[in-house]
**Student:** 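Here's a structure for you.
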Amino acid sequence: MTSQVKYPIAQTAVFLWIGFVCAISFMEAWLKFSAPGITVPLGLGIGRLVFGALNIMEWIFAIVIGANLFLAKDEPITKNELLYFVPILLLLMQSLWLLPALDARAELYIKGSEVPGSALHFYYIAFEIIKVICLFIFGTILYKIPIPTKKSSKILT
């Protein structure tokens, strides 16, 4: 039996997207503050740049996946493929609301202003966890069901 990937470009982009989110959101975000000489304002400034770049890359991955999935598709969207839209919705919310709010808070902190506590970071982490889970499930769905080769199908009959 051989297995084929239904949408190889989309699947590659899905797993690259997961890798970017995991590397940046779950590693870089907190590791930078443990580096020698990194102050909170400096770490926040670096974070603003890195998360801005991550947001751009996420949109690139989302567009590549959408283009491969929907432009090359000859059938309607399946229920399982709707998992693609959960990360898109979360990314949209992050881009329009969460990242600008976190960016404004970081800017205030960098300028030395008093910044009250907030749950925004917890929302961001929750969004990232949900996004990674949905992307992983969606990426595995993009595999085709194994197709028997002609040689093996003769054996089965």
Side-chain angles (χ1 to χ4, degrees), residues 3-73 77-145:
S3 68
Q4 298 175 346
V5 176
K6 193 171 187 177
Y7 300 103
I9 294 170
Q11 190 173 47
T12 300
V14 164
F15 287 104
L16 283 171
W17 187 353
I18 291 170
F20 269 70
V21 169
C22 289
I24 300 298
S25 295
F26 302 137
M27 285 184 59
E28 184 278 339
W30 59 274
L31 274 176
K32 72 175 163 273
F33 291 105
S34 64
I38 296 294
T39 62
V40 172
L42 183 58
L44 290 173
I46 293 167
R48 290 173 66 206
L49 290 172
V50 171
F51 279 91
L54 173 62
N55 188 255
I56 291 167
M57 288 305 302
E58 287 189 89
W59 279 113
I60 290 170
F61 291 134
I63 291 166
V64 166
I65 293 164
N68 185 225
L69 188 66
F70 300 112
L71 294 178
K73 197 164 187 61
I77 297 171
T78 66
K79 181 176 65 173
N80 290 333
E81 290 168 347
L82 289 175
L83 279 172
Y84 166 73
F85 293 105
V86 174
I88 298 299
L89 178 62
L90 293 172
L91 183 58
L92 188 62
M93 290 170 56
Q94 286 175 319
S95 298
L96 298 177
W97 165 61
L98 206 44
L99 282 174
L102 288 168
D103 194 50
R105 288 175 53 78
E107 185 64 31
L108 287 173
Y109 193 92
I110 290 168
K111 289 180 178 177
S113 300
E114 185 71 27
V115 182
S118 166
L120 292 175
H121 281 95
F122 295 111
Y123 294 143
Y124 193 89
I125 293 166
F127 282 17
E128 295 294 73
I129 291 169
I130 295 166
K131 197 187 313 175
V132 166
I133 291 168
C134 288
L135 285 169
F136 181 79
I137 294 167
F138 177 67
T140 57
I141 288 170
L142 290 177
Y143 277 111
K144 282 186 177 180
I145 297 171

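Only heavy atoms go into these numbers, but all of them, side chains included; no hydrogens, no water, no symmetry mates.
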**Student:** Tell me the closest heavy-atom pair linking P100 and Q94, and the distance in Å.
**Tutor:**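 That would be CD-O, 3.6 Å.
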**Student:** Looking only at non-hydrogen atoms, find the nearest pair between L91 and A62 and report the distance.
**Tutor:**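 Heavy atoms of L91 and A62 come nearest at CD2-CB, 4.4 Å.
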**Student:** Give a yes or no on this: more than 12 heavy atoms of other residues, nucleotides or ligands lie within 6.0 Å of atom OH of Y123.
**Tutor:**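 No, because the 6.0 Å sphere around OH of Y123 holds 12 heavy atoms or fewer from other groups.
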**Student:** For the residue pair L42 and G37, what are the closest heavy atoms and their distance?
**Tutor:**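 Of all heavy-atom pairs spanning L42 and G37, the closest is CD2-O, 4.1 Å.
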**Student:** Check A101 against L120 and note the closest heavy-atom contact, atom names and distance.
**Tutor:**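 Shortest heavy-atom separation between A101 and L120 comes out as CB-CD1, 3.7 Å.
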**Student:** So, S95 side chain and L92 main chain: donor-acceptor pair closer than 3.5 Å or not?
**Tutor:**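 No, S95 side chain to L92 backbone: no donor-acceptor pair under 3.5 Å.
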**Student:** Is any side-chain heavy atom of F138 closer than 4.5 Å to a side-chain heavy atom of V86?
**Tutor:**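 With C-beta onward as the side chain, the pair stays apart.
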**Student:** Look up atom OG1 in T12 and atom CD1 in I65, then write down how far apart they are to the nearest 0.5 Å.
**Tutor:**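 Nearest 0.5 Å value for the OG1-CD1 distance: 9.5 Å.
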**Student:** When you compare the side chain of L142 with that of L69, does any pair of heavy atoms fall below 4.5 Å?
**Tutor:**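 A side-chain contact exists here, since the closest heavy-atom pair is under 4.5 Å.
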**Student:** With under 30° as parallel and over 60° as perpendicular, where do the rings of Y124 and F51 fit, or are they tilted in between?
**Tutor:**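 Answer is perpendicular, since the angle exceeds 60°.
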**Student:** Using every non-hydrogen atom in the two residues, find where G139 and Q11 come nearest and quote the distance to one decimal.
**Tutor:**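 Where G139 meets Q11 most closely, the heavy atoms are O-NE2, 2.7 Å.
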**Student:** Taking atom CD1 of I88 and atom CG of L82, what is their separation to the nearest 0.5 Å?
**Tutor:**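 If I round to the nearest 0.5 Å, the distance is 12.5 Å.
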**Student:** Could you tell me the separation between the CD1 atom of I141 and the OH atom of Y7, rounded to the nearest 0.5 Å?
**Tutor:**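 One finds 12.5 Å between CD1 of I141 and OH of Y7.
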**Student:** Decide yes or no for E28 and I46: does some side-chain heavy atom of the first lie under 4.5 Å from some side-chain heavy atom of the second?
**Tutor:**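 E28 reaches I46 side chain to side chain.
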**Student:** Report yes if the side chains of I125 and E128 come closer than 4.5 Å at any heavy-atom pair, otherwise no.
**Tutor:**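 They are not in side-chain contact.
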**Student:** Test of understanding: with ring pair (Phe, Tyr, Trp, His ring centres under 6.0 Å), list the residues that count as partners of F70, not counting sequence neighbours.
**Tutor:**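 Residues passing ring pair (Phe, Tyr, Trp, His ring centres under 6.0 Å) with F70: Y84, F85.
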**Student:** What's the separation between atom CD1 in I60 and atom CG in L16, rounded to the nearest 0.5 Å?
**Tutor:**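 If I round to the nearest 0.5 Å, the distance is 11.5 Å.
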**Student:** Among all residues two or more places apart in sequence or in another chain, which pass the ring pair (Phe, Tyr, Trp, His ring centres under 6.0 Å) test with F20?
**Tutor:**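 Scan of F20 (ring pair (Phe, Tyr, Trp, His ring centres under 6.0 Å), adjacent residues dropped) gives F61.
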**Student:** Inspect the surroundings of CD1 in I9 and state if more than 12 heavy atoms from other residues, nucleotides or ligands are less than 6.0 Å away.
**Tutor:**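 No, CD1 of I9 has 12 or fewer neighbouring heavy atoms, counting only those of other groups under 6.0 Å.
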**Student:** Of all heavy-atom pairs between G45 and I110, which one has the smallest distance, and what is that distance?
**Tutor:**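 Where G45 meets I110 most closely, the heavy atoms are N-CD1, 3.8 Å.
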**Student:** Any sub-3.5 Å donor-acceptor pair from R48's side-chain atoms to L102's backbone N or O?
**Tutor:**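 Looks like no, no N/O pair under 3.5 Å.
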**Student:** Nearest 0.5 Å, what's the CZ-CD1 distance between F15 and I18?
**Tutor:**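 It comes to 5.0 Å.
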**Student:** Within this structure, what is the CD1-CZ distance for the pair I133 and F136, rounded to the nearest 0.5 Å?
**Tutor:**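 Nearest 0.5 Å value for the CD1-CZ distance: 10.5 Å.
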